[in-house]
Colleague: 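Mind looking over this structure? Questions follow.
So that the names make sense, note that chain A is the first sequence line, chain B the second, and so on, each numbered from 1. Please read all numbers here as calculations on a predicted model, not as lab measurements.
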Amino acid sequence: MEISDFQSNDENAWCQGCGNFGILNALQKTLVQYGKKPQEIFLVSGIGQAAKLPHYIKANCFNGLHGRALPAAVAAKITNPRLTVIVTTGDGDCYGEGGNHFIHNIRRNVDITVIVHNNQIYGLTKGQASPTTDRGYQTSVQTGGVILEPFHALPVALVLGAGFVARGFSGDTAHLSELILKGIQHKGFSLIEVLQPCVTFNKLNTFSWYKKRSDYLHHDKEYDTGNKNLALTKALEWGDKIPLGVIYEEKKPCYADLALLPEDGLMGRSARDMSVLWDDFL
Amino acid sequence: MDEINLRVCGQAGQGLQVLGTALGRAYKNAGRHVFMIQDNMSRIRGGNNFFQLRVSQAPVSAPRQKADIVAALDLDSIDSHRKALNEKGRLILDAKAGGDAPVQEKEINIPFYEISKNACGDKRFVNSVLLGILARMTGLLFESVESSLVKAFSSKGESVIQKNLQAARAGYDHTPGVGFSMSESNPPVSQPRLLMNGNEAMVMGAMAAGCRFYTAYPMSPSTSIMTLLARYAKPYGMIVEQAEDEISAVNMALGASFAGARSLTSTSGGGFCLMTEGVSLSGMTETPLVIINAQRPGPATGFPTRTEQSDLDLVIHGGHGEFAKMVLAPGTIEEAFLLTGYAFQMAEKYQIPVIILTDQYLAESQIDTEPLDINRIKAAHAQPPAEADLVHPYKRYALTESGVSPRGIPSLINEVVYADSDEHTEEGHITESADTRVRMVEKRYHKKTASLLKETMKPKSFQSHEADTLLVGFGSTQGVIKEVCERLQKLKIGCLHLPQVWPFPSQAFIELTTNIKHLVVVENNATGQLRRLIRRETGLEADASVLKFDGRPFSVDELHARVEEVIGSWK
């Protein structure tokens, strides 16, 4: 596979310099390395700038409703387990509109990879606060500054039992691409949150703001990605240092294992001899 | 007597549903027709629930207002049930169940709790005692009771079966007189016949259609679809997934459908409200979707366990924007089965949402029925489109004469498939083009609706040739309307029943009503939603409405009286 195999001819609608480009490049790179054909990859998204990403990659795509990428994605994966299912979503789409699906699909643990483009702001609706906007940040709606506690998705995911929790930065595509590959290879729900500058509406959390705070976990030889307590501590860190890398990984049975899903999922003909069942109504 | 009507009341949690099914099955096995409604409160324990069973020599598909026998397992709400007795009716009670309540006129005191204790050493077998008593009073042979009880408790083991049989035998033997025996003028109906409710028939229809993925959030009165499918799922390779909410359910159903599985979700009105954005998504992405809405009275939480037909407007219009969809409204057990299969077929053929509209009354009423034939339902599973229909590179939304594009399923065709909830190009990419917009709206709404109208199911007419007046209804009221028609034949009354309400079968409706003087629309709602729909789609103004919105179904007697009243008012 080459990058060109995954190139879509659809015109890109993102702002110039948007952090999403880094994620797009990283994902394309990952897919080349992963080696499956475009028709075996299924990208699912909701609404927002992140949700447009599937159009810019050559692969199957279901660009559904705001916040609803996860239900569609897990059901598609259950139906056809041979598809590699990747969700591209944003902080508003995934943590706001789709919050309930975020919670319960971590618990459901279907083998999908979820990339959350977290730019800490609403871009497509022009700059309102998102669930992850830092306290005090002023917007056209939060005129006196955000007063709500930011939503910290990574600790939430850990507490809900997510088996793969990672954070990347769109400014470091090589590192991000590795994380995405690990996420895809992890069997179960994989969450990769990506720090992504919004060049138009977020004047605080800029490219250099994130870069200055990048704290790569792999630099710490002692860091154990299998230690959940340590992972929780790291996942809660948000300030002068923001941890990047695989925060937690745990092998655990996924939905298909526990639901005893056949290898071809639900793709074939179902058993049609219902004669035994009629007996219940005789 | 040509028919017997029995009501058994008691608290929630006293096992009325098991008793009702066992009793209904016993009469069915004895060759009688049965029809049973469930009247339950929205609570887990206590309160007062009842079932009412109509046993008849002729086929029956509606309840009667009054009962010949009311049996009370609990005396708390006995006064309301006393009113349900007809002139010759008798109330059976265990006076000791209410602290030695004085026995009144028309009451028969039988110590069924004591009989249970004496026969099995346990008061808990009282339901089977009552089953024996009712069987004896109505002239049912014990062998019918026996086979029905064995079936009811087959999964509980031999000892439970034996205890229940002992209890039933004790009740049967304790009861002296017959009193309510059915006349034997008609021979018993040949068996096997099924005893099913609407939800069960739809489960069988979905399975016959090859449905592989079902997801829902529990909501009365649709929940038994989920529990029954969950029981059957494993050996049939189905996945039954309980969703975190109805929004998730509808989006999961769409994800599974897009990936190639026939998928289903079911709910009631409140859940359907949450699903409407998914209905719209199905319309826009042209992803087949089947939703069952088992209606209950609204607004909001309403009457969770009762019946109404007030979501007609909602399901026809639910889902923002303009796109083709189909709404089916089965009126019998057989229709519930067949239309569920048909819903899958049409959802797939036109790549649209199809909604099946039932209600608590149809969903939970048990009716004896001819065996259902799965070969009348077309099963299907994911397959690639015919190569001849494809253009390369593949376009998910290729513009065609019929408005339907060859449906590529990811990994089953050798190209990628793009689907989008935004307005999109033929390739499935986001567009702002005015021209493309117009062509896509025409594709999704006009072209598909035109094709759908060509194969719209016509209203079913009954006794309409000689009729001056037609009673018109949709969905679950079919049985009661038909029976009232039969009773009022002398008044030149016929009826029309709509198994499909959207797209509305306007042309057929106009043709079928050309020589009719009066239209009376019968609906289980407060505002006459079907009547308005008829006016809007045909220009025909009905002469009268018969509406009922107290959360209960029409009884034959009530509808009979109200139709007579309407007709009388014209003279």
Colleague: Can you tell me how far apart CD (B/E427) and SG (A/C61) are? Round to the nearest 0.5 Å.
Modeller: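 The SG atom of A/C61 is 12.5 Å from CD of B/E427, to the nearest 0.5 Å.
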Colleague: Do A/H101 and B/N251 come within less than 4.5 Å of each other through their side chains, counting heavy atoms only?
Modeller: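 Side-chain contact under 4.5 Å: no.
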Colleague: To check you understand the geometry: which heavy-atom pair defines the closest contact between B/N29 and A/L282, and what is its length?
Modeller: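 For B/N29 versus A/L282, the nearest heavy atoms are OD1-C, 4.4 Å.
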Colleague: What pair of heavy atoms forms the shortest contact from B/G428 to A/H55, and how long is it?
Modeller: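 Heavy-atom minimum between the residues: O-CE1, 3.3 Å.
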Colleague: Could you have a look at A/A69, A/G67, A/G98, A/A59 and say which one has the most heavy-atom pairs with chain B under 4.5 angstrom?
Modeller: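 With the most close heavy-atom pairs to chain B, the winner is A/A59.
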Colleague: For the candidates B/T287, B/D245, B/T21, B/T285, which exhibits the highest count of non-hydrogen atom pairs separated by less than 4.5 Å from chain A?
Modeller: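 Looking at each option in turn, the highest pair count goes to B/D245.
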Colleague: Atom CG in B/L195, atom CG in A/D280: separation rounded to 0.5 Å?
Modeller: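 Between B/L195 CG and A/D280 CG, I get 12.0 Å after rounding to 0.5 Å.
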Colleague: Just so I understand: if I count every heavy-atom pair under 4.5 Å between each of A/V276, A/I103, A/D279 and chain B, which residue has the most?
Modeller: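 Winner by heavy-atom pair count: A/D279.
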Colleague: Using non-hydrogen atoms only, which part of B/R193 is less than 4.5 Å away from chain A: side chain, backbone, both, or neither?
Modeller: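 Contact with chain A: backbone only.
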Colleague: Inspect the surroundings of NZ in A/K126 and state if more than 12 heavy atoms from other residues, nucleotides or ligands are less than 6.0 Å away.
Modeller: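 No, not enclosed.
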Colleague: Heavy-atom pairs under 4.5 Å with chain B: which of A/N105, A/V44, A/I78, A/V74 has the most?
Modeller: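 Heavy-atom pair counts peak at A/I78.
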Colleague: Measuring heavy-atom distances to chain A, does B/P235 have an atom under 4.5 Å in its side chain, in its backbone, in both, or in neither?
Modeller: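 Looking at B/P235, just its backbone touches chain A.
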Colleague: Under a 4.5 Å cut-off applied to non-hydrogen side-chain atoms, are B/H424 and A/N63 in contact?
Modeller: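 B/H424 does not reach A/N63 side chain to side chain.
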Colleague: Side-chain contact test, heavy atoms from C-beta onward, threshold under 4.5 Å: evaluate it for B/L372 versus A/F281 and give yes or no.
Modeller: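 No, too far: nothing below the 4.5 Å cut-off.
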Colleague: Could you state the interatomic distance from OG1 (A/T79) to CZ (B/R212), rounded to the nearest 0.5 Å?
Modeller: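 Here the rounded value is 9.0 Å.
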Colleague: Examine whether an atom of B/L228 lies under 4.5 Å from a heavy atom of chain A, and if so say whether it belongs to the side chain, the backbone or both; otherwise answer neither.
Modeller: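 For B/L228, side-chain heavy atoms alone lie under 4.5 Å from chain A.
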Colleague: Between B/I409 and A/M267, is any pair of side-chain heavy atoms under 4.5 Å apart?
Modeller: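 Yes; the side chains approach each other to less than 4.5 Å.
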Colleague: On a heavy-atom basis, which atom in A/A75 and which in B/F213 lie closest, and how many Å separate them?
Modeller: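 Scanning both residues, the minimum pair turns out to be CB-CZ, 4.0 Å.
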Colleague: Which answer fits B/S248, side chain, backbone, both or neither, if we ask what part of it has an atom under 4.5 Å from a heavy atom of chain A?
Modeller: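 Contact with chain A involves both backbone and side-chain atoms of B/S248.
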Colleague: Measuring heavy-atom distances to chain A, does B/M204 have an atom under 4.5 Å in its side chain, in its backbone, in both, or in neither?
Modeller: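 For B/M204, heavy atoms of backbone and side chain both lie under 4.5 Å from chain A.
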Colleague: Check whether any side-chain heavy atom of A/Y255 sits under 4.5 Å from a side-chain heavy atom of B/I239, and report yes or no.
Modeller: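 In contact.
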Colleague: Can you tell which part of B/R396 gets under 4.5 Å to a heavy atom of chain A, answering side chain, backbone, both or neither?
Modeller: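 When you check distances to chain A, no heavy atom of B/R396 falls under 4.5 Å.
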Colleague: Go through B/R25, B/Q191, B/E277 and name the one with the most non-hydrogen pairs under 4.5 angstrom from chain A.
Modeller: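 Maximum pair count with chain A is reached by B/E277.
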Colleague: Near A/E149 CD, under 6.0 Å, is it more than 12 heavy atoms from other residues, nucleotides or ligands?
Modeller: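 Enclosed: over 12 neighbouring heavy atoms sit under 6.0 Å from CD of A/E149.
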Colleague: Using non-hydrogen atoms only, which part of A/F42 is less than 4.5 Å away from chain B: side chain, backbone, both, or neither?
Modeller: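 Looking at A/F42, just its side chain touches chain B.
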Colleague: Within a strict 4.5 Å, meaning less than it, do heavy atoms of the B/L281 and A/F62 side chains meet?
Modeller: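 When only atoms from C-beta onward are counted, A/F62 and B/L281 do touch, with a gap below 4.5 Å.
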Colleague: How about NZ on A/K252, more than 12 heavy atoms from neighbouring residues, nucleotides or ligands closer than 6.0 Å, or not?
Modeller: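 Counting other residues, nucleotides and ligands, NZ of A/K252 exceeds 12 neighbours.
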Colleague: For chain A, which residues of residues 148-156 of chain B have at least one non-hydrogen atom nearer than 4.5 Å to it?
Modeller: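 From residues 148-156 of chain B, the residues near chain A are B/K151.
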Colleague: Is B/S257 close to chain A through its backbone or its side chain, or both, or neither, when contacts mean heavy atoms under 4.5 Å?
Modeller: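 No part of B/S257 comes within 4.5 Å of chain A.
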Colleague: Ring pair (Phe, Tyr, Trp, His ring centres under 6.0 Å) with B/F337: which residues, sequence neighbours excluded?
Modeller: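 With sequence neighbours excluded, B/F337 shows a ring pair (Phe, Tyr, Trp, His ring centres under 6.0 Å) to A/W278, given in chain and number order.
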Colleague: B/E432 versus chain A, heavy atoms under 4.5 Å apart: side chain, backbone, both or neither?
Modeller: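 No part of B/E432 comes within 4.5 Å of chain A.
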Colleague: Which residue out of A/K52, A/E40, A/K58 racks up the most heavy-atom pairs below 4.5 Å with chain B?
Modeller: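 Winner by heavy-atom pair count: A/K58.
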Colleague: Below 4.5 Å from any heavy atom of chain B, which atoms of A/L277 appear? Answer side chain, backbone, both or neither.
Modeller: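 Looking at A/L277, backbone and side chain both touch chain B.
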Colleague: Is it the backbone or the side chain of A/I41 that comes under 4.5 Å from a heavy atom of chain B, or both, or neither?
Modeller: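 When you check distances to chain B, no heavy atom of A/I41 falls under 4.5 Å.
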Colleague: Can you pull the salt bridge (Lys or Arg N to Asp or Glu O under 4.0 Å) pairs that have at least one residue in residues 95-111 of chain A, sequence neighbours excluded?
Modeller: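 Counting only pairs at least two positions apart or across chains, the salt bridge (Lys or Arg N to Asp or Glu O under 4.0 Å) contacts touching residues 95-111 of chain A are A/R68-A/E97, A/R108-B/E241, A/R108-B/E244.
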Colleague: Counting C-beta onward and ignoring hydrogens, is there a side-chain heavy-atom pair between B/R262 and A/L266 closer than 4.5 Å?
Modeller: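 No. Closest side-chain heavy atoms not under 4.5 Å.
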Colleague: Less than 4.5 Å apart, side chain to side chain, heavy atoms only: is that true for B/Y236 and A/M274?
Modeller: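 SC-SC contact between B/Y236 and A/M274 confirmed.
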Colleague: What parts of residues 413-422 of chain B touch chain A if we use heavy atoms and a cut-off under 4.5 Å?
Modeller: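 Against chain A, the residues of residues 413-422 of chain B that fall inside the cut-off (heavy atoms, under 4.5 Å) are B/I413, B/N414, B/E415, B/V416, B/V417, B/Y418, B/A419, B/D420, B/S421, B/D422.
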Colleague: Against chain B, label A/L43 side chain, backbone, both or neither, depending on which of its atoms sit under 4.5 Å from a heavy atom there.
Modeller: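 Neither the backbone nor the side chain of A/L43 comes within 4.5 Å of chain B.
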Colleague: Minimum heavy-atom separation for B/M252 to A/P71, with atom names?
Modeller: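 Taking every non-hydrogen atom into account, CG-O, 3.3 Å.
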